[in-house]
Each structure stands twice: as C-alpha cells, then as structure tokens.
Amino acid sequence: MDWKETLNLPRTTFPMKGKLPLREPEFLRFWEKIDLYHRLQEGDGQVFILHDGPPYANGHIHMGTALNKVLKDIILKSRRMAGFKAPFVPGWDCHGLPIELNVEKELGVKRGELPKVEIRKHCRTYAQRFVEVQREEFRRLGVLGDWERPYLTMSPGYEATIAREFVRFLASGQVYRRKKPVLWCSHCVTALAEAEVEYENHRSPSIYVKFPLAEDAREALPELPPGPAFVVIWTTTPWTLPANLAVALNPEYPYVAVRWGEEVLILAEGRLSALCAETGAELPEILFRFEASRLEGKHARHPFYDRLSLFILADYVTLEAGTGCVHIAPGHGEEDYESGLRYGLEVYSPVEDTGRFEASLPLFGGQGIWEANSQIIALLKEKGLLLHQEEIEHSYPHCWRCKKPVIFRATEQWFISMEAQDLRKKALEAIERVRWIPRWGKDRIKGMVEKRPDWCLSRQRAWGVPIVVFSCAACGEILRDEKYYQPVLERFAQEGTDLWFQLEAAELLPPGTRCPSCGGQEFRKEEDILDVWFDSGVSFAAVLEKRPELGFPADLYLEGSDQHRGWFQSSLLCAVGTRGEPPYRAVLTHGFVVDGHGRKMSKSLGNVVHPQDIIQKYGAEILRLWVASEDYREDIRLSEEILKRLVEAYRKIRNTSRYLLGVLSDFDPAHHQVPWEELPEFERYLFHRLAQLIKRVRKAYEQFEFHLVVQALHQFCILDLSALAIDINRDRLYCEHPEDPRRRATQTYLYQALETLVRLMAPILSFTAEDVYQHYPFVREAESVHLLSFPSPDWPEAEPGWVEKWEKRLALRAEITKALEQARKETKLVGSSLDAEVLLRLPPEYEGLVEDPALWEYLAIVSSFKVLDPLPAPEEGEVLWEAEEFPGVQILVRRAPGQKCARCWQWKPEVGSGSRFKELCDRCHSVVERLQAEGRLSLS
RNA sequence: GGGCCCGUAGCUCAGGUGGUUAGAGCGUACCCCUGAUAAGGGUAAGGUCCCAGGUUCGAGUCCUGGCGGGCCCA
C-alpha cells in the first residue's frame, strides 16, 4: 500500500523556476490589457505627487537611470497600496548640445552648414527615436506610468512654457546681459562648448614680464630701497597682455623682494629658485619678505599702456609654475573673469570674432592675435620689461572641427541675477522649508546656492529654446514687458519654437511696436538659445501646473546626488524666481552605482554593467530586487556575486510562495478560516509575529527604506515560514484529515501569511507577486495584485508576557534541536527528528515552561516527548545534553520506542496492533477510516 | 586643491541620546531528510567595527589627523 496517496500533499501549477526573462513580458502585456495604470488612478484618495526628473534622450538607459526609475516605481506602488492616489508622468530632456553634436556627426555636417531649422528638425527626430527606445526599456523594468503621454521638453507646449517662464524672469528684472569669456574658435568664428574642444600639445612662447610698481604699491612696501621695482608675471599668451587689468597673488604664500642687478623684483618666495634656474641667474639677495595682502588694492603699471593694473588676491594662484604673480585679463580666462567680477573689473576683450585685435586698440589694432605675440614680445624687450623668454610645449585646447587652437574671448551672454530680486536669499530660505533626505542634502545644496555665480543662460547653438528677447535696433533697449511677447508665446504653444528662427523680429512682434525708450520701430531678435538646465528647471510649470492629475508643488523629487547642482537647483531657482516657492516638499537623493569594489563604473576600468544584460540573464525582477536590497543613500554596489546572492534570495521567496499556494490548494478562505478564539496558541503566536512583520515593513516603505523590506520579507520566508510554521506543522498539514480543525487553523495562518507576503512584496517583486496572485487556488478580490492594499493586522494584540513565554519555548526548542544534532553526530540511531524520543529533566524553577508533552512532540517534531526527573543514565547510542541557555535542564535523546507508522513516519508503540491497517498508528488509522467512510478514498 | 558624503563578518544589512562576551539572513563547512526535491531542516566556523591618535571610568558610536572610495566643483 502506498500511503502517500492518502496524504494532503501540496498541489499547485505555480512553477518553481521563474523563467523571468521569458515570462516578464507576459505580465507587462497583461497589465497593459487591463489598463492597470489608469485603473490605479481611479477613485479618490490623497494624492501623492512624485515628479519625474527627465533623463536625457540620448542613448540607451544605464544602471543609474534604471535604478532611479525603479526606485520611483517602488515608492509609487507602495504609496498606492497604502491608500494614496499616485500618478506618474515620466518625461525626457530633449534639447541640448550632445544631441546636436551627434546629429551633426550622423549627417556629416559642421556647425552652421545647415540652416538652424534644418538641424533642429533632425535633432527632433533623433531625440524622439531615443525617447521611444528608453520608454520601452523603462517599461520592461515593470515601471508603471503614463507612458503614452509622457512630457517632452521639445513638445510645442513645453517649449512655449520654457519661453514663457523666461519672459517672466525677463519682465521681473532678473535677467541681464553681460560679457563673459567663452571658448572661441576664431577660425570657425563660433563659440565652443567644453565638449567641443580637444586638448593637444601646442608650442607657446613662455615669457616673464616685469610690471613696474605704481606709487601706491611702493608706499605699501616702505622697505623697498629707492630705484626701479617690478612685479614679475609669467604668461604663455602674450596676446592677452593688452587686456591685462590685474595681477593676482595668493594670500597664503610668502612673497619676497629681491635685488636683481640694479632693480628690485617681487615674486613668490616659493618660485624664486625656479626662476633663477630658468634664467640662469644666481640666487639673489632677499631684501625682505611680506604678505600678499599688503599689496591688495594697490597697483602696478601696465607694461606698455598708460594705465594701472590692480593687485588682487586669489587662491587659485599656485606655485607649480610661473612666479606666484598671475597676469589677469578678465576678458580672456575663466578664473580671471571670476576674479574680475569680485574686484569690479571690466570684462575687457579687445579681440574681434575673427581673432583680430579691434582696430581702435593702440599699438596692435587690426593685427591677428597669434601674429601679434612676437610683436608684443619685441615691444616688451624694447622697453626692457622682458625678464626672460623661451618656448614651451604644453597641452592646449583646440577646436575639434578645424583643429586650430582656441581662445577665451568675452562675448555678450544672458544671465539670471542671483541678487537683483534677492533670488539667492529667497532660494536659501526656501531650502529651509524643504525636507531633504538624507538630511545632509540640505547642507550640500545650501553650500552650492550660497556660492554659485549668476546663472549664465545663453548658449550659441541651434537645438534648444530661443532666448526670446527683442531689442531696439536703434538704441539697443531691451523690450522687457510681457506684452511684447504674448503673440509669440501663443504661437509657440501651437507651432513650437522653430518659427523664432524662421521669421523676422517684425513678424513676431505685435504690430506697431515702438521702442519705449527712443520710439524706434526696428528691432533685433536674440539668436542664442537657453541652457537646457532652464528647460528642465521649469518642468514644474510645464508639467505639474499643466496636468490636471498633478499639482504644484510636488511631494517629492527623487534623483541622484549630482542633481543638487543640476535639476534640484535649477528647479528651485526657477520656481523661487517666478513663484516664490520651492517646487517640491521633499527631495530624496540616491548615490551612484559602483562595482563590487566600490569603484565607479567606467569604460576604461571595464567594469560597466548594463541593465539590458541583467534583464536578459536574470530578469528585470532581479534588477528590481537589487535596487530594493541596497541602501541607495550611499554608493550602490553591483557585482556578479551580489547578483548571485540576490538570485538565491529570490528563489527562496518564490519557493516559499509556491509552497503556500500548494498547501492551500484545498483551502477556501471564505469557509475554512478558523476564528481567532479557536486558534491554537502556536498559530496565535505566529499571527503575532505576522503583525510585527506588517508593521515593520509598512514603516520601512513609508520611510523609503526598501532594503529593510527585502531583509524582513526574506527572513520571514526563512524563519517564520520555512523553519517554523511549515516545518512544525508539516505533519498536521499532510497527515490529518483535510477538515481537521488544527489543520485548518494552520492553513488559516498560512493563508494570511500568503496574503501578506504577496502584498508586501508587490511594490518590489512586481512580476512575481502578480504571478503568485494569479495562481491563487481561491477567489481573488481584484484582477491584479497591484490593485490591492497593504494588509493591516486585524487580530487581537497579545497579552503582556505571553509573547515572552513563547520566545522562551522556542529557545528551549533550539536546545532540543542542538541535542538532536548531537545525537545525529555521535550515533547513527537518529536521522530524522521523528526517529527520536526526547526526555527532559526540568528543575522546579522552570515550572510552567513545559506543560503539555503532546505540544512538545509537535514543536520539536519528535515521535515521543517526556518530562522525567531524574533522567535515566544514557545507554549505548543515547545522548545527554546540558542545555546552554537553561542551566540545570538536561535533554536525553534516544531512539523512539515502537515502530514507524508507514503513513506519518512517526514511531508509535501501537503500530502493528491496529484492527485493519497493521502498519499505521492510531491517528492515521482513524484518518484513513474516515476518509474511506466519506468516500474520499478507495483502497484496493 | 575645495565642498558634501561613505568605509561593521566573503555578500547584503541591523547596531536611539557612548555602557555587559558586536547582531541577522545569505554564502561557506559539516550533518540530516527525500511526501516543497535543480527543493527542505539542523549545527558550526567567520569581525584588529578602514588606520592612528585623543576625550572618557568606558567608543563601532564623540573629536582630530591619515588611508581608501563616491558625487560636485576647481
């Protein structure tokens, strides 16, 4: 007789192997078919708005973008299950240089060869292509959202909003125009971005130039002896000397005055020996040392113009080259410019766009700058101000198109002022009203806003939203009032911003416009475009304020920590500058994906992992589990080992779910659930732990601590279910009559455990939760697991002390398992715990810990359990164990008496004496008879 | 070079306001089971809490300085 047929073994069609890469697309189709996203937007419930930061529509998604979107998805799904209505409108950043450059490369054209409108058309197609690529990749990750109606910064409506928000800034008086040095190719006659220059070796003159000290500087250094005194500067770009306005010293270094023949020279002490080595001079006599600050605000005289050059302090002056005294031309260098602003110097750049000095420049007017180098050197020599001259080869930026050296040249740029309307102050105040997670995010963005310069908005490019400014052709007056721009903005909303480039100013302005200043009737339109950070910075206006399901401000922005400088800040400035309020209530940041050693992923290190590979090899579910299981506030590690561990954890969760489905195959919750009052104590204890789990997990979701969720669910499967509930109850589940109340009690718990597990995992393991849910052997309350709510425990709280009693019992159970393990090791008499009988000696102080031996047979999964005092002396093959945690408690393990029941495998003395089935124990005997009587079983 | 941040067992994580032998799960080793079976159970071994100073009766926890790593600037 094969008694196995008479058991209630688990039955389910839920597959053990997930075959995730293959099956995930089926679930995606299912969700689409039932229109899951929109179903989730029905009904009411407090709205939770997570505003999506737009990734750049260029290339495929990478681990960072995948991580970001999955985090958002987990948050939104968990908020929905907690009762919120949580829409998700994904977006893309579509304008900008990288796309424009890629398009030029694809077309094989150089900048300016095609009309702007033409190149913009190609850029739009290119961006659209990658929006679609990325959309499919994000969807494949199981990210739920309004993918049919995302926001694109290049859509006409969005472009119109960008332009409108710019006009608001313009009208409010926060926008101004000023010269600023930019990288410039005088051959191509164009500004270049950092991405458009290549660094190549280049031979340059290297000259040391003496600037005579002016009277105020001499007075500041009374130690100076009579006679000529000079400060020595070093430069490799003599052509910038005509634009010299200052000499910078480092306030940290000591400076010296030295005797140099008949003259006195001033330089940093740390460069003196180097200077002597280069010029071949003897180390000179140091007359005195002084601090750089003594010269601040004093002057040197320009070497060949009759004007002064201001002494300033700057910490970027180094001792690696030169003299520690740096020639400053604010129109020709980034740092020079910054210093110039600080000291109120003019941004002076007498160089025309073709690389010639302006005709009006004395001495060198009209000359090409490179040709002028030698003439400038000659002039210095003639004036006796050239201390030394040689040539050096160094790395220098070149135009990547024409390969010619580029220069820094000041051109007119547009700025948003941080001060004009107290934008900086207002932004800093707004930062205080936002919740930053983690907390240090606040310090980070605060530091950046405190120090940042005015926002340079203009780019000399084609693929972007035009800077909509008209200015009077006659007097140069800028039209600031919004009324001049209303007609254009309205047309933008319909047609996009191409028409700015197609039409003349007169066609774009309201008819009859006159300059408010001079009455002129001719106007220029600005040709530059806006920085793309402005595009995404106004997304609150283009998306939050426009979409009916959204609203301003958002509850949450969630991006990588690099966005403290990027989107968090541009959004903050745009919103504060136009609305006076931050666009978000809270900002959550995540770290960056790094490899198993904590190093950043880069092509050169060869440690880059692509999401597509993970999806193909393991499935999106494993990627989601990875996102959830790491503490994303720090760097997020990713390696083969980590993935292997995750796959194992995944299998445990999957398999446990599978077992629950199987063991509940004959369970109908509507009819079979055992009421709380009738539940055995052990099930009540399990329910208590289940309640703890629900509380812990829901709290972790609420606080965005998903790694705690994963940890809790994983351990729940291993400890509560596999090792405790299932292991201990296996006999009842399999061997008792299907309707046995204790069996139904266990099923009642396992049923609630399944409902809990499947709901709590759904935001993270979205595919698997659905898979499990669709395999329920009983009626489902909703069409998809994602339409359910989180569970809340509705059973009574445990009485004080009761839980502790059960924890003590489990600790004693652990001692018994140790004793059993010892018996397995030392004798071969015990294999399965059911082979064993356990005898326990319990000193009086443990009164009450063990009351019912039958309960302990059950808990310890042994065939026989007795409490005896004293214990018999252990015989051959028996083991006596002194409990470690319970002093005085002794456990004797020996072979269980009687014979093994062929059905339940327990050893019982009555086996062999039954009336009909000799090989069964009493319990199995009656179960089988009942089954037979009920016609559930026919025995041959 | 500057600003912000991180560094606990092979892996992923716990360790309120400083206080007994630093925890969990996984993995590993060994054992058991074969009625969750390319499953399941058990036992055990793993840590100079990055390093060095300091404060303290006492520091993984506070301070200073290093080292390593990340983001953003220069």
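Throughout, a chain's letter reflects where its sequence line sits, starting with A, and its residues are numbered from 1.
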Atom-to-atom span, [atom1] of [X] to [atom2] of [N] - whole angstrom:
X	N	atom1	atom2	result
A/Tyr734	B/U34	OH	P	13 Å
A/Leu625	B/C13	CG	P	12 Å
A/Gln715	B/U12	CD	C1'	11 Å
A/Tyr659	B/G35	OH	C1'	9 Å
A/Asp635	B/G69	CG	P	12 Å
A/Glu821	B/G42	CD	C1'	5 Å
A/Arg452	B/C72	CZ	P	16 Å
A/Leu719	B/G40	CG	P	13 Å

Need one value for [X]: base, sugar-phosphate or nothing, where a base atom within 4.0 Å counts as base even if backbone is also close, heavy atoms only.
X	result
A/Asn655	base
A/Gly591	nothing
A/Ala723	sugar-phosphate
A/Ala712	nothing
A/Lys4	base
A/Ile718	sugar-phosphate
A/Gln711	base
A/Gln822	nothing
A/Gly447	nothing

Of the nucleotides [options], which one has an atom closest to the side chain of [X]?
X	options	answer
A/Leu708	B/G41, B/A14, B/A36	B/A14
A/Lys825	B/C73, B/G35, B/U43	B/U43
A/Arg658	B/U37, B/G41, B/A39	B/U37
A/Ser629	B/G42, B/C71, B/U12	B/U12
A/Lys451	B/G3, B/G35, B/U12	B/G3
A/Met16	B/A36, B/U43, B/C13	B/A36
A/Trp440	B/C71, B/C4, B/A39	B/C4
A/Thr656	B/A14, B/A36, B/G35	B/A36
A/Glu641	B/C71, B/A14, B/G10	B/G10

G-U wobble or Watson-Crick pairing nucleotide for [N] (cut-off 3.5 Å, both distances):
N	value
B/C71	B/G3
B/G35	none
B/C30	B/G42
B/G25	B/C11
B/G18	none
B/G65	B/C51

Between [N] and [X], is there an OP1 or OP2 to side-chain N/O distance shorter than 4.0 Å?
X	N	answer
A/Lys652	B/G41	yes
A/Ser722	B/G41	yes
A/Arg730	B/A36	yes
A/Arg444	B/G70	no
A/His707	B/A14	yes
A/Lys442	B/C4	no

Taking atom [atom1] in both [N] and [M], what distance in whole Å separates the two?
N	M	atom1	answer
B/U48	B/A9	C1'	13 Å
B/G7	B/G15	P	12 Å
B/G10	B/A29	C1'	14 Å
B/C63	B/G23	P	25 Å
B/A24	B/A36	C1'	25 Å
B/U43	B/G25	P	10 Å
B/A45	B/A22	P	14 Å
B/C62	B/G2	C1'	26 Å

Residues at least two apart in sequence or cross-chain that pass side-chain contact (heavy atoms from CB on, under 4.5 Å) with A/Gln703, listed by chain then number, are A/Lys699, A/Glu705
Return the orientation label for the A/Trp440 and A/His564 ring planes: parallel under 30°, perpendicular over 60°, tilted otherwise.
-> tilted
Along RNA chain B (nearest heavy atom to each residue), the more 5'-positioned of A/Arg637 and A/Lys17 | A/Arg637
Using heavy atoms to find the nearest nucleotide of RNA chain B for A/Ser639 and A/Arg633 separately, return the residue whose nucleotide is more 5′.
-> A/Ser639
On a plain distance test, is the side chain of A/Trp905 in donor-acceptor contact with the base of B/G35 below 3.5 Å?
-> yes
Is the closest side-chain heavy-atom distance between [X] and [Y] below 4.5 Å?
X	Y	result
A/Val893	A/Val830	yes
A/Glu432	A/Lys442	yes
A/Tyr584	A/Trp436	yes

Test: A/Glu919 and A/Arg903 ion pair at under 4.0 Å | no
Going by atom types only, do A/Tyr858 and A/Asp731 share a side-chain donor-acceptor pair under 3.5 Å?
->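 The criterion, which ignores hydrogens and geometry beyond distance, is not satisfied for A/Asp731 and A/Tyr858.
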Atom pair OG/CD of A/Ser833 and A/Gln906 - distance to nearest 0.5 Å |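 If we round to the nearest 0.5 Å, A/Ser833:OG and A/Gln906:CD are 9.5 Å apart.
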Straight-line distance of A/Leu7 CG to A/Glu736 CD, nearest 0.5 Å = 11.0 Å
Just label B/G46 as syn or anti from its O4'-C1'-N9-C4 or O4'-C1'-N1-C2 angle, using within 90° of 0 for syn.
->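 Syn for B/G46; the angle stays within 90° of 0.
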How far apart are the closest heavy atoms of A/Phe408 and A/His332, and which atoms are they?
-> O-ND1, 2.7 Å
